[in-house]
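Just below is one structure, and these are the notes that go with it.
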Amino acid sequence: MMKKCKRYLTVFFVAMITVTIFLPFSATSVSAKTNLNEAMSLPNKNIEIDKKYWSDERIDQLADILQKSHPEFSRNYIKELIRDELNDGQIPSVSVFKSQKTISSRSSWKGITVAQAAAAIDVIISLLVGRGIDKLTAAGIKAAVKKVGRKKLSRLIRQKIIKKFGTAGAVTSTFIDYALNYNSPGTIIAKYWDKHDAYPNNGRINL
């Protein structure tokens, strides 16, 4: 009788130990699987420039809109800024355009003009925040913010600025967030940059 009791107790304790060891692993596995499924079901919140969307006609439309914020540049120059951004190119020299022969993109100051930087940054934001030709409207920015979040959008714009210029100077994501409240964020950002670069308020972004 005592032997049977000992046998039952042994079996009971072995079973308890087994459950204690393997149950957490099972729960962890289920939890990990659940988290993976949830992550896969979340919408894609990445945002990038949709290059295929930008036909010549849409580039023309965007150039018309951006020129209203940057009337010192010709429509053709704005179009070149758009094409260069779509092709990951550099900011074109305005000296090659007849209407801006007196302006040079580079000089002894080793920088581009504030106006050029402003237009280039507005192009970056316009192409980045979604489709359509109303990129710099409150509605366009609001839609992009809703998709990726305001902080992430500001960080992404700053990354694009660094890619274009090689640096963002004193321009922080926080300041970009502030600039998005204006009709021409690029102008606000470029003027701030000029105020805090190596040669403040000289009308150029000294890179």
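All values below come from the heavy atoms of this structure, side chains included, with hydrogens, waters and symmetry mates left out. Everything numeric in this text was worked out from a predicted model, so none of it was measured. For this chain, numbers begin at 1 and follow the sequence in order.
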For this session: Mind jotting down which residue pairs meet the salt bridge (charged side-chain N to carboxylate O under 4.0 Å, His left out) criterion with at least one end in residues 167-194? Sequence neighbours excluded, please.
Result: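 Matches after skipping sequence neighbours: R150-D177.
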
Exercise. Between V123 and D84, does a side-chain contact (heavy atoms from CB on, under 4.5 Å) hold up when you go through it step by step?
Worked result: CA-CA 10 Å; V123 166; D84 280 359; over 6 Å; no

Shortest non-hydrogen contact between [X] and [Y], atoms and distance:
X    : Y    : value
S154 : L180 : OG-CD1, 4.0 Å
R204 : D197 : O-OD2, 2.9 Å
H70  : A115 : ND1-O, 4.5 Å

Exercise. Could you walk me through whether S69 and N183 pass the side-chain contact (heavy atoms from CB on, under 4.5 Å) check?
Worked result: CA-CA 8 Å; S69 296; N183 290 332; 5.6 Å; no

For this session: Assess whether side-chain contact (heavy atoms from CB on, under 4.5 Å) is satisfied between L81 and F73, documenting all intermediate values.
Result: CA-CA 11 Å; L81 281 176; F73 296 118; 5.6 Å; no

For this session: Could you walk me through whether L86 and I59 pass the side-chain contact (heavy atoms from CB on, under 4.5 Å) test, one step at a time?
Result: CA-CA 10 Å; L86 289 171; I59 289 174; 3.9 Å; yes

For this session: Could I get the full list of ring pair (Phe, Tyr, Trp, His ring centres under 6.0 Å) partners for F165, not counting sequence neighbours?
Result: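 Counting only residues at least two positions away or on another chain, F165 forms a ring pair (Phe, Tyr, Trp, His ring centres under 6.0 Å) with W193.
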
For this session: Give me the one residue out of Q67, Q116, E72 that meets side-chain hydrogen bond (donor to acceptor under 3.5 Å, both in side chains) with Y77.
Result: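 It is Q116; the other options fail the test.
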
Exercise. When clusters are formed by joining ILVMFWY residues with side-chain heavy atoms under 4.5 Å apart, either directly or through shared neighbours, do I188 and I162 land in the same one?
Worked result: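 No; tracing contacts between hydrophobic side chains, which count when under 4.5 Å, never links both residues.
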
Exercise. For R58 and Y53, does a side-chain donor sit closer than 3.5 Å to a side-chain acceptor?
Worked result: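 Yes, a side-chain donor-acceptor pair sits under 3.5 Å.
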
If I take atom [atom1] from residue [X] and atom [atom2] from residue [Y], how far apart are they, to the nearest 0.5 angstrom?
X    : Y    : atom1 : atom2 : answer
S184 : K68  : OG    : NZ    : 14.0 Å
K152 : I157 : NZ    : CD1   : 13.0 Å
I125 : I189 : CD1   : CD1   : 4.5 Å

Short side-chain to backbone donor-acceptor contact, [X] and [Y], under 3.5 Å:
X    : Y    : result
R75  : A63  : no
N181 : Y178 : yes
D122 : G186 : yes

For this session: Taking the side chain as every heavy atom from C-beta outward, state whether T187 and Y182 have any atom pair closer than 4.5 Å.
Result: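 T187 vs Y182: side chains apart.
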
For this session: For residues D56 and R83, determine if any side-chain heavy atom of one lies less than 4.5 Å from a side-chain heavy atom of the other.
Result: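 In short, these two side chains touch, coming nearer than 4.5 Å.
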
Problem set entry | Pair K163 + D88: basic N to acidic O under 4.0 Å |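 Looking at K163 and D88, the cut-off is met.
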
